[in-house]
Amino acid sequence: MSTTVTSPSSAERVSREILELLLPHRRAAETDPHLDTPEDFPEQLRQMAEFVRREEPVIFSLPGFPCKSPNPDKVLGHLPDHGERLALRFLGSLCAEIAKVHAPGAKILICSDGHIFGDVIGVPDEHIDAYGHELRRMIAAEGLSAHLDTFDLKDVYGPDLSYDEKRKVAAETLGPSIEQLREEVRSDESTLRMYRGITKFLMEDVAEWDGSRSALQRDCRRRAYEVIVRSRAWGELIAEHHPENVRFSIHPQSRGEGKFGIRFVGTADVWTTPWHSVALRHPDGGWQLLHRREAEGLGHLVHEDGRPSHYEVLPADLATQGTGG
């Protein structure tokens, strides 16, 4: 039986339509993403056209959903909550939207990167395992298994090596050296932006620190380099195992880069993710991601399935805030 193949011109047209669906959700490094056009993203157009031409689902790789921040001022605990649920629902809806312009649809492979740098960010491997288990349960419970799948370090190195051994092998064989990375931070604006963003995150994630702020900054800067080394190694592993996938990123990306930045839920900060925050529901039904300590002052905690889930702003809260009470 012959395989159906879409003509190059039709594949190009459909790929443009898919990219137009993605653009409103781009996590951009620029301040003017409203000026985006599909032509600004030639690599993504090329990759998607290959799937479209073969009349296959377009498959995206999304490194992310690693684990919850260890700082209780930012999150409700170490398990996924309604913030992750909203993000998963968004990703599933994006796949459904793509199916309207490309009948085979799309799939997103969530490449959970918690284990690759868990030791550097101070999160125990058992918490990362529990987070991943609950994330997969959420995907199934939300009916999203046809659109979303997961991939992590266990899928690469199997059960025989410890997590420390897996991290060491990945970093040493696939990551840049710290010296190479320092030079890149000095010479490349995108890498410098990444380094500063991760340093900021690491400082915010420290729940307790006995030393000075300058000592904390030095420690976080040192660990930021290690996080990027591990992240690069993880990217290489994803590319080796899933070389044709279109690459999403949860970090801001510039036009024309090989990765396409994607955001999930409304945030004031382009770096905010569900695993560094909590979800707050406003009276109009809209959702926002922000730190737990901020959400506590704006709304009431809601439990689901016996666990803290999210915060909700009630009309009484708005009245109290309006009077300064």
Side-chain angles (χ1 to χ4, degrees), residues 19 22-33 36 40-41 43-44 47 60-69 71 74-75 83-84 86-88 90-91 94 108-118 120-121 123 135 151-152 170-171 174-176 181 184-185 187-205 220-221 223-239 242 245-277 289-291:
L19 194 50
L22 301 178
L23 287 179
H25 310 291
R26 186 166 81 91
R27 194 180 291 255
E30 301 88 354
T31 58
D32 58 353
D36 289 345
D40 293 323
F41 304 90
E43 180 63 12
Q44 286 76 28
Q47 291 172 319
F60 299 88
S61 290
L62 174 62
F65 294 86
C67 55
K68 283 293 194 182
S69 164
N71 189 342
K74 297 175 73 172
V75 297
E84 277 83 359
L86 290 170
L88 295 174
F90 163 74
L91 293 174
L94 197 58
I108 297 174
L109 183 67
I110 296 172
C111 302
S112 302
D113 46 1
H115 283 301
I116 196 72
F117 45 62
V120 182
I121 62 176
V123 177
L135 191 73
F151 172 78
D152 65 20
L174 296 169
L181 192 56
E184 191 174 332
V185 167
S187 60
D188 180 72
E189 181 63 31
S190 177
T191 307
L192 175 62
R193 185 173 65 243
M194 174 75 67
Y195 166 72
R196 286 174 172 169
I198 292 174
T199 300
K200 175 176 176 283
F201 264 135
L202 290 173
M203 291 190 67
E204 291 177 349
D205 276 356
C220 291
R221 287 169 182 159
R223 289 190 289 130
Y225 280 110
E226 191 62 44
V227 168
I228 297 175
V229 168
R230 308 283 188 88
S231 181
R232 293 277 184 86
W234 184 231
E236 291 296 321
L237 286 172
I238 295 170
H242 305 282
N245 290 9
V246 185
R247 175 69 179 269
F248 277 154
S249 174
I250 54 91
H251 297 132
Q253 302 292 321
S254 298
R255 297 183 185 101
E257 291 196 29
K259 294 176 284 187
F260 186 94
I262 195 84
R263 64 164 69 210
F264 312 125
V265 188
T267 63
D269 183 346
V270 295
W271 289 87
T272 303
T273 64
W275 44 94
H276 287 100
S277 61
L289 295 180
L290 68 172
H291 291 169

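All values reported here derive from a predicted model rather than from experimental measurement.
Contact check for L88 versus I110: side-chain heavy atoms found under the 4.5 Å cut-off. Side-chain contact between L22 and F60 is present, with heavy atoms from C-beta onward closer than 4.5 Å. Taking 4.5 Å as the limit, every side-chain heavy atom of S277 sits out of range of all side-chain heavy atoms of L290. Side-chain atoms of T191 and R232, non-hydrogen and from C-beta on, do get closer than 4.5 Å to each other. Looking at D188 and M194, their side chains never come closer than 4.5 Å, going by heavy atoms from C-beta outward. Side-chain contact between H276 and E204 is absent, with no heavy atoms from C-beta onward closer than 4.5 Å.
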| message | As a quick check of understanding, evaluate side-chain contact (heavy atoms from CB on, under 4.5 Å) for L181 and Y195, giving each step before the final call. | response | CA-CA 10 Å; L181 192 56; Y195 166 72; over 6 Å; no

| task | Might you work through the side-chain contact (heavy atoms from CB on, under 4.5 Å) test for I121 and C67, ending with a clear yes or no? | result | CA-CA 10 Å; I121 62 176; C67 55; 3.7 Å; yes

| message | Quick one, L94 with I262, criterion side-chain contact (heavy atoms from CB on, under 4.5 Å). Give me CA distance, side-chain angles, the key distance, then yes/no. | response | CA-CA 11 Å; L94 197 58; I262 195 84; 4.2 Å; yes

| salt bridge (Lys or Arg N to Asp or Glu O under 4.0 Å) assessment of E226 paired with R230 | CA-CA 6 Å; E226 191 62 44; R230 308 283 188 88; 2.9 Å; yes

| request: Evaluate the criterion side-chain contact (heavy atoms from CB on, under 4.5 Å) for residue pair L62 and L91; output intermediate values, then yes/no. | output: CA-CA 10 Å; L62 174 62; L91 293 174; 3.8 Å; yes

| said: E189 vs R193, test: salt bridge (Lys or Arg N to Asp or Glu O under 4.0 Å). Steps then yes/no. | reply: CA-CA 6 Å; E189 181 63 31; R193 185 173 65 243; 5.1 Å; no

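Residue E257 is tested with S249, P252, S190 for a side-chain contact (heavy atoms from CB on, under 4.5 Å); the sole match is S190.
At least one donor-acceptor pair closer than 3.5 Å links the side chain of S69 to the backbone N or O of N71. Judged by distance alone, the side chain of Q253 and the main-chain N or O of A29 form no donor-acceptor pair under 3.5 Å.
Taking every heavy atom of both residues into account, Q47 and N245 meet most closely at NE2-O, 3.8 Å. Closest of all the heavy-atom pairs between L237 and A170 is CD1-CB, 4.1 Å.
Using a 4.0 Å cut-off between charged nitrogen and carboxylate oxygen, K68 and E84 count as a salt-bridge pair.
A tilted orientation is assigned to the rings of F248 and F260, their planes being inclined by 30° to 60°. Ring orientation note: the planes of W275 and F65 are tilted relative to one another, at an angle of 30° to 60°.
For T199, there are no side-chain hydrogen bond (donor to acceptor under 3.5 Å, both in side chains) partners at least two apart in sequence or on another chain.
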